[in-house]
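Take a look at the structure below.
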Number of protein chains: 2
Amino acid sequence: MGCMTMSSAKINAAIDNLKSVGVRITPQRHAILEHLIQSMSHPTADEIYKALEGKFPNMSVATVYNNLRVFKEAGLVKELTYGDSSSRFDCVTTDHYHIICDSCGKIVDFHYPGLDEVESLAESVTGFDVGRHRMEIYGVCPDCKRKH
Amino acid sequence: MGCMTMSSAKINAAIDNLKSVGVRITPQRHAILEHLIQSMSHPTADEIYKALEGKFPNMSVATVYNNLRVFKEAGLVKELTYGDSSSRFDCVTTDHYHIICDSCGKIVDFHYPGLDEVESLAESVTGFDVGRHRMEIYGVCPDCKRKH
DNA sequence: TCTTACTTTATAATCGTTATAATTAGTCTA
DNA sequence: TAGACTAATTATAACGATTATAAAGTAAGA
């Protein structure tokens, strides 16, 4: 199936990326990566841990955190920190923003051309060397709107 | 001095605001509010706690957290959650964004007209009812640039 | 095979924040 | 002003996400 092939290709690309910087591919790392790519969501470390405990009954939470850090350092994964208790992790594909439901917490990807203008204005006003920015949009998702 | 007067005015306005919604003005609340307004920074709860322990040797950290919540609910204060461990608190004056130094962590206010366009596009693409957004810009501040 | 460095595991520690219960202090009414 | 009611503060414990530590396991190279 098309989706399957897509995922496999992404996983292989990610693995090649990791290998090229000298990171060993352990079964745990493979599984975490696979889950991140296939889940199409933005799971927390604990959600990943729970999702894989069937396959790896002895895996430690620390392993999940350690490897998420490894993936982050390799540029494969981004950590999303919103106000709530725990971080979420997002596979880096293309640049995009997130829109978050205030009611149910759902996170949806959302593409928007560029806010280069904002960055360059910030640069000239503050004297910073600007490198990047983050933005989240908040609102109520269609499902939650219906429920009112 | 001008600054002093400005601060006092802001504090009084904030206090009136709180009184009008039935919040008692205790010495601790007054001090926390005063510190938030006068410090011109974006302190953590612990920084506020430490800054006031001279005046209130018996004040509990819980009091700081409780009152920051009260102020947030009254719309006087915004909680800023970045990737790092603890929240920072910002007096709500006018709408503005923050630019953050990747090197030293300094947070500088930064005004930018409106990103209404982004919000409305997000609305039409995702079907959400959009309420608000947040954005932070990251870079290296002038001081840190000089030190390299 | 031996050695070395890396990984995982299990467990404990850390730290920001929140909950609890007891005490204290404001505010209102009589 | 006294008494009563409610809210706020304090001290302390609990919680939960994350990180540190040490021991055991595993892969790769000489």
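Quick note on labels: first sequence line is chain A, next is B, and so on, each numbered from 1.
- Remark: A/E119 CD to B/I99 CD1 distance equals 8.5 Å, nearest 0.5 Å.
- Classified by interplanar angle (parallel below 30°, tilted 30° to 60°, perpendicular above 60°), the ring pair B/H98/B/Y82 is perpendicular.
- Residue-environment remark: CG (B/D95) stays at or below the threshold of 12 foreign heavy atoms within 6.0 Å.
- Salt bridge annotation for B/D143-B/K147: absent, with no cationic side-chain nitrogen under 4.0 angstrom from a carboxylate oxygen.
- Taking the 5' to 3' direction, DNA chain D first and last meets chain B under 4.0 angstrom from a heavy atom at D/dT6 to D/dA11.
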Subject >> Audit row: B/H42, B/I100, side chain to side chain contact (heavy atoms under 4.5 Å, CB included) steps and yes/no >> reply: CA-CA 11 Å; B/H42 308 80; B/I100 302 169; over 6 Å; no

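- B/L18 places its CG atom 17 Å from the C1' atom of C/dT27, with the value rounded to the nearest Å.
- When heavy atoms are screened at a 4.0 angstrom cut-off, B/D46 is found touching no nucleic acid atom at all.
- Helix bend of the helix from C/dT1-D/dA30 to C/dA30-D/dT1: the angle between its two end axes, each built from five pairs, comes to 20° after rounding to 10°.
- Whole-Å rounding puts the B/I48 CD1 to C/dG16 P distance at 14 Å.
- Scanning both residues, A/S87 and A/T81, for their nearest heavy atoms gives OG-CG2, 3.6 Å.
- Residue A/T44 is classed as having no contact, given no heavy-atom separation below 4.0 Å to the nucleic acid.
- Take B/E47 and apply the salt bridge (Lys or Arg N to Asp or Glu O under 4.0 Å) test, not counting sequence neighbours, and it matches B/R88.
- Heavy atoms only, all atoms of each residue included: A/A74 and A/L18 are closest at CB-CD2, 3.7 Å.
- Put simply, A/N66 has no side-chain N or O that comes within less than 4.0 Å of OP1 or OP2 on C/dC6.
- For DNA chain D, the residues of residues 50-60 of chain B within the heavy-atom distance limit of 4.0 Å (strictly under) are B/N58, B/M59, B/S60, sorted by number.
- Interface residues of residues 26-35 of chain A facing DNA chain C, ordered by number: A/T26, A/Q28, A/R29; criterion, heavy-atom separation under 4.0 Å.
- With values rounded to the nearest 0.5 angstrom, A/R132 atom CZ is found 4.5 Å from B/D102 atom CG.
- Heavy-atom nearest nucleotides on DNA chain C were determined for A/A62 and for B/E79, and the one closer to the 5' end corresponds to A/A62.
- Listed by chain and number, the residues in a salt bridge (Lys or Arg N to Asp or Glu O under 4.0 Å) with B/E123 amount to none (sequence neighbours excluded).
- To the nearest angstrom, P of C/dT8 lies 11 Å from CZ of A/R69.
- Using a 4.0 Å cut-off between a side-chain N of Lys or Arg and a carboxylate O of Asp or Glu, A/R29 and A/E34 do not qualify as a salt bridge.
- The local environment of NZ in A/K19 is sparse, with at most 12 non-hydrogen atoms from other residues, nucleotides or ligands closer than 6.0 Å.
- Distances shown here put every side-chain N or O of B/S85 at or beyond 4.0 Å from the OP1 or OP2 atom of C/dC15.
- Checking B/Q28 against B/T63 by side-chain atom types alone, no donor-acceptor pair falls below 3.5 Å.
- Here B/Y65 reaches the OP1 or OP2 of C/dT17: one of its side-chain N or O atoms lies under 4.0 Å away.
- The two atoms that bring A/T126 and B/P142 nearest to each other are O-CG, 3.7 Å, heavy atoms only.
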